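Working notes for the structure below.
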Protein chains: 2
Amino acid sequence: MGARQTTQRSLILDYLRGQKTHPTAKQVHDGVKVQLPGVSLSTVYRTLGWLRDQGEALELNGADGRSHYDGDVSDHGHFTCVRCQKIWDIELELPDLDRWEFEQKTGFKIHGRQFDLYGVCSSCGEKEDE
Amino acid sequence: MGARQTTQRSLILDYLRGQKTHPTAKQVHDGVKVQLPGVSLSTVYRTLGWLRDQGEALELNGADGRSHYDGDVSDHGHFTCVRCQKIWDIELELPDLDRWEFEQKTGFKIHGRQFDLYGVCSSCGEKEDE
DNA sequence: CTACCTGCAAAGAATTTGCGGCTCT
DNA sequence: AGAGCCGCAAATTCTTTGCAGGTAG
């Protein structure tokens with residue numbers, strides 16, 4: 001029943017973990033194609049979804065309407081650049097959330113959270129003009 | 001140059017402001033069709049995008065991969081139900097963010113932020129089975 | 001009047017899925 | 001051998017866009 005170890009999977013995971021900003025499926029595909037030209041986009045989608053289900057990656061809902069993937073599943077925040085659409089990790093004191101109190105008060109059960117800032121990143125800010 | 005007041009626009013804004021969970025374009029379309037059967041989905045998309053550009057609505061990037069629209073543009077958090085995909089408003093102490101310090105340290109310019117929790121909402125929790 | 005808006009239909013883009021064949025284990 | 005995977009192509013969805021005609025101001 002076990003998951004199988006294939007060239008495609010290890011390359012995709014390696015690529016994802018090597019990225020500072022969090023790529024879309026298409027960007028992962030382009031990146032992996034360098035080493036494995038024949039890999040298909042649907043394999044990339046399937047592998048990324050599988051990593052997400054395994055808890056080995058986070059699927060982020062980008063402001064550009066596409067999914068971005070993050071190989072770091074620890075509790076951290078993101079900054080989305082509204083110009084280049086890149087998503088950066090940020091070091092921020094995330095709010096101390098009392099899960100128990102929240103769940104008692106609302107009846108909602110918390111699985112996870114995300115904290116996001118939007119704006120212009122430093123490299124896009126430099127190219128400023130008008 | 002002025003923006004024009006049309007039946008479509010006022011109904012769409014009214015509908016949006018009347019919703020507790022934040023609907024997708026399609027849901028807004030279905031809701032508005034009750035009073036204005038002939039309205040087209042592209043008008044709904046155009047109007048929602050225009051409201052977002054005017055700062056009168058927020059476009060939220062749903063975990064379902066679709067855009068959801070929120071008529072309340074104040075700084076507040078959201079809870080996304082992973083079962084029904086509804087997005088609820090939550091009352092939470094949002095972290096005190098020192099914009100100036102952050103922008104100095106990172107070179108990033110902040111436009112806005114979003115805080116999201118993911119989990120199961122109370123009505124989906126009740127229908128629990130297996 | 002006329003710049004702006006609308007509905008329709010078609011185009012685009014992101015993601016998923018069915019299938020026959022290949023491959024780890 | 002056989003459960004899993006893969007690549008390919010087609011199907012789904014969501015969203016945007018071009019155009020011809022209608023309407024608010």
Side-chain angles (χ1 to χ4, degrees), chain A residues 1-16 22-54 56-70 80 82 84-87, chain B residues 1-16 22-54 56-70 80 82 84-87:
Chain A
M1 56 171 155
R4 194 175 289 178
Q5 176 74 1
T6 64
T7 312
Q8 289 86 341
R9 290 194 176 174
S10 29
L11 283 180
I12 289 171
L13 186 50
D14 283 357
Y15 180 81
L16 189 58
H22 310 308
T24 62
K26 186 168 185 316
Q27 289 166 339
V28 173
H29 185 221
D30 288 341
V32 174
K33 268 195 297 192
V34 173
Q35 295 178 252
L36 189 65
V39 70
S40 76
L41 183 55
S42 53
T43 292
V44 171
Y45 270 109
R46 272 188 286 234
T47 303
L48 291 171
W50 176 78
L51 289 171
R52 182 237 298 124
D53 293 342
Q54 300 296 308
E56 295 193 60
L58 248 40
E59 181 173 350
L60 311 175
N61 315 118
D64 54 4
R66 293 176 283 178
S67 287
H68 291 246
Y69 297 86
D70 184 350
T80 298
V82 299
C84 66
Q85 302 290 345
K86 284 203 183 78
I87 301 179
Chain B
M1 56 170 155
R4 196 174 287 180
Q5 176 74 2
T6 64
T7 311
Q8 289 86 341
R9 289 192 176 175
S10 30
L11 284 179
I12 289 170
L13 187 50
D14 283 355
Y15 180 81
L16 190 58
H22 310 308
T24 62
K26 186 169 185 315
Q27 289 166 338
V28 172
H29 186 222
D30 289 341
V32 174
K33 268 196 297 193
V34 174
Q35 293 178 252
L36 189 64
V39 71
S40 76
L41 182 55
S42 52
T43 292
V44 171
Y45 270 108
R46 272 188 285 233
T47 302
L48 291 171
W50 176 79
L51 289 171
R52 181 238 297 126
D53 293 341
Q54 302 295 310
E56 296 191 61
L58 247 39
E59 181 172 352
L60 311 175
N61 316 118
D64 54 4
R66 293 175 282 178
S67 287
H68 292 247
Y69 297 85
D70 184 348
T80 298
V82 299
C84 66
Q85 302 289 347
K86 284 202 183 79
I87 301 179

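Numbers restart at 1 for each chain; the letters A, B, ... are given by sequence-line order, proteins then strands. Computation of the quantities below employed the complete heavy-atom set of this structure, encompassing side-chain atoms and omitting hydrogens, waters and symmetry-equivalent molecules. Bear in mind that the values here come from a model prediction, so they are computed numbers and not experimental data.
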Evaluate the criterion side-chain contact (heavy atoms from CB on, under 4.5 Å) for residue pair B:Leu51 and B:Gln54; output intermediate values, then yes/no. CA-CA 5 Å; B:Leu51 289 171; B:Gln54 302 295 310; 5.5 Å; no

Where do B:Leu48 and B:Leu16 land on the side-chain contact (heavy atoms from CB on, under 4.5 Å) test, with the steps shown first? CA-CA 9 Å; B:Leu48 291 171; B:Leu16 190 58; 4.2 Å; yes

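With sequence neighbours left out, the ring pair (Phe, Tyr, Trp, His ring centres under 6.0 Å) criterion links B:His68 to no other residue.
B:Gln27 contributes a side-chain N or O that, together with a main-chain N or O of B:Thr24, makes up a donor-acceptor pair within less than 3.5 Å. Distance alone, capped at 3.5 Å, places no donor-acceptor pair between the B:Arg46 side chain and the B:Thr43 backbone.
Atom-to-atom, CZ of A:Arg9 to C1' of C:dT23 comes out at 13 Å; the value is rounded to the nearest Å. In this structure, B:Asp30 places its CG atom 11 Å from P of D:dC14, rounding to the nearest Å. Rounded to whole Å, the distance from OH on A:Tyr45 to P on C:dT15 is 3 Å. The interatomic distance linking A:Arg4 (CZ) with D:dA1 (P) rounds to 15 Å, in whole Å. Atom NE2 in A:His29 sits roughly 14 Å away from atom P in C:dA14 (whole-Å rounding). Rounded to whole Å, the distance from CG on A:Leu51 to P on D:dC5 is 12 Å. Look at CG on B:Leu48: it is 13 Å from C1' on D:dC14, rounded to the nearest Å. Computed from coordinates, the A:Leu41 CG to C:dA14 C1' distance equals 9 Å when rounded to whole Å.
Distance check: B:Leu60 CG to B:Tyr69 OH gives 9.5 Å after rounding to the nearest 0.5 Å. In this structure, B:Asn61 CG and A:Thr80 OG1 are separated by 8.0 Å, a value rounded to the nearest 0.5 Å.
For the segment residues 58-69 of chain B, the set of residues with a heavy atom within less than 4.0 Å of an atom of DNA chain D comprises B:Arg66, B:Ser67, in numerical order.
Note on B:Gly49: nothing from the nucleic acid sits closer than 4.0 angstrom, heavy atoms only.
Residue A:Thr43 places at least one side-chain N or O under 4.0 Å from the OP1 or OP2 atom of D:dG7. Side-chain N/O atoms of B:Gln5 include none lying less than 4.0 angstrom from OP1 or OP2 on C:dC4.
For C:dG7, the base has a donor-acceptor partner in the side chain of B:Arg46 [N/O atoms by modelled type, under 3.5 angstrom]. For B:Ser42 against C:dC8, a side-chain N or O and a base N or O form a donor-acceptor pair under 3.5 Å.
Across the interface with DNA chain D, nearest-nucleotide mapping of B:Thr6 and B:Arg52 shows B:Arg52 to be the residue nearer the 5′ end.
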